[in-house]
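What follows is a set of notes on a single structure, which appears directly below.
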Number of protein chains: 2
Amino acid sequence: MPSDNVFKAISDPTRRKILRLLNGGEMTAGQIAEHFEISAPSMSHHFGVLKNADLIDVRRSGQQLFYSINTTVFEDVMTVLMELFGTGKEPDTISGGDTK
Amino acid sequence: MPSDNVFKAISDPTRRKILRLLNGGEMTAGQIAEHFEISAPSMSHHFGVLKNADLIDVRRSGQQLFYSINTTVFEDVMTVLMELFGTGKEPDTISGGDTK
DNA sequence: TCCATATTTAGCTAAACGTCTAATTATATC
DNA sequence: GATATAATTAGACGTTTAGCTAAATATGGA
């Protein structure tokens, strides 16, 4: 059940780019940050948002934190998207979804 | 080419519900507003955001404005989403997409 | 234990966002 | 023209968000 924070998470271009990068395999926070001209704390903030939305996983190895993409939410997102655009099944009643 | 404002548009639960409603066919601004406990101006604002993202079309008939869903952007959104989660084709280089 | 490195947490600021009320525009009817 | 209805635009307000710097936490090595 993809809640609001998933859509909020992918609504930011920086976070979408992070996801694209992680698509090539897990990376450390520092490696990811190299691809941006944004301070480390700001990057950490974005990691937090993605983590909170269950879009990425973290693993510590020594001093470094390795981030990887988590595709389990992906299917849910696609389903909601298809419902929005009428490609999926027609709802009997407009459920309202997560209005708030 | 779905730009930032498309993702921003669907990041709001009220606007997602509007899209779901329009999925059943075109509706007037007033008819849509009946499904929400939000002032007409606020609803109008949401229509503007969706319109700006090319997610809905408008047509005037008399005093009323009829809104309908526009699915032309849908395919683009899906493509980007699949790219984010690695379901699509692997990019040779991380293009960065619409970082800003 | 002390220092360097990697990353996060805390706290701040400016911009963006969602909402509201009041005023305006557009159309229809009398 | 005057009035009613449908919807928007204008402007204000509180909250959220993305960015920053400074400080804190965690790990590894001398």
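Chain identifiers are assigned alphabetically (A, B, ...) following the order of the sequence lines, protein sequences preceding nucleic acid strands; residue numbering begins at 1 within each chain. What you see is a predicted model; the values in this text were computed from it and never measured.
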Can you find a side chain N or O atom of A:Ser44 that sits less than 4.0 Å from OP1 or OP2 on C:dT7? no
Suppose we screen for side chain to side chain contact (heavy atoms under 4.5 Å, CB included). Which residues come up paired with B:Gln31, at least two apart in sequence or across chains? B:Met27, B:Thr28
Give the rounded distance in Å between these two atoms: CE of B:Met43 and C1' of C:dG18. 12 Å
Can you list, by residue number, the residues of residues 45-56 of chain B that have a non-hydrogen atom closer than 4.0 angstrom to DNA chain C? B:His45, B:His46
Listed partners of B:Glu26 passing salt bridge (charged side-chain N to carboxylate O under 4.0 Å, His left out), at least two apart: B:Arg59
Proximity to DNA chain D (any heavy atom under 4.0 Å), residues of residues 62-70 of chain B only: B:Gln63, B:Gln64, B:Leu65, B:Tyr67
How many whole angstroms separate atom CZ of A:Phe36 from atom P of D:dC20? 12 Å
Whole-Å gap separating C1' (C:dC20) and CD (B:Glu37): 15 Å
Using ring pair (Phe, Tyr, Trp, His ring centres under 6.0 Å) as the criterion, list what pairs up with B:Tyr67, not counting sequence neighbours. B:Phe47
What is the distance, to the nearest angstrom, from the CD1 atom on B:Ile38 to the P atom on C:dC17? 16 Å
From NZ of B:Lys8 across to C1' of C:dA15 the rounded distance in Å is 11 Å
Residue pair B:Lys8, A:Asp12: steps toward the salt bridge (charged side-chain N to carboxylate O under 4.0 Å, His left out) verdict: CA-CA 8 Å; B:Lys8 281 273 160 55; A:Asp12 182 82; 5.2 Å; no
Between A:Ser42 and D:dG19, does any side-chain N or O lie under 4.0 Å from OP1 or OP2? no
With a 4.0 Å cutoff (strictly under), does any side-chain N or O of B:Thr28 reach OP1 or OP2 of D:dA7? yes
Rounded to the nearest Å, what distance is computed from the CZ atom of residue B:Arg59 to the P atom of nucleotide D:dA6? 17 Å
A:Phe85 side chain near A:Val80 side chain, heavy-atom distance below 4.5 Å: no
Pairs touching residues 38-56 of chain B that satisfy side-chain hydrogen bond (donor to acceptor under 3.5 Å, both in side chains), sequence neighbours left out: B:Asn5-B:Asn52, B:Arg15-B:His46, B:Ser39-B:Ser42
Do B:Leu84 and A:Asn23 have side chains that approach each other closer than 4.5 Å (heavy atoms only, starting at C-beta)? no
If you check every side-chain atom of A:Pro41, which of D:dG19, C:dT8, D:dA18 has the closest atom? C:dT8
Nearest-angstrom distance from the residue atom CD of A:Gln31 to C1' of C:dT7: 14 Å
Residue-phosphate contact under 4.0 Å: A:Arg15 side-chain N/O, D:dA18 OP1/OP2: yes
Distance to the ring centre below 6.0 angstrom and angle to the axis at most 45 degrees; does that hold for A:Arg60 and A:Phe66? no
Which part of the nucleic acid does B:Ala40 contact within heavy-atom distance under 4.0 Å: base, sugar-phosphate only, or nothing? base
B:Thr72: which residues meet the side-chain hydrogen bond (donor to acceptor under 3.5 Å, both in side chains) condition with it, sequence neighbours left out? B:Asn70
Measure CG/B:Asn5 against P/C:dG18 and give the value in whole Å, please. 13 Å
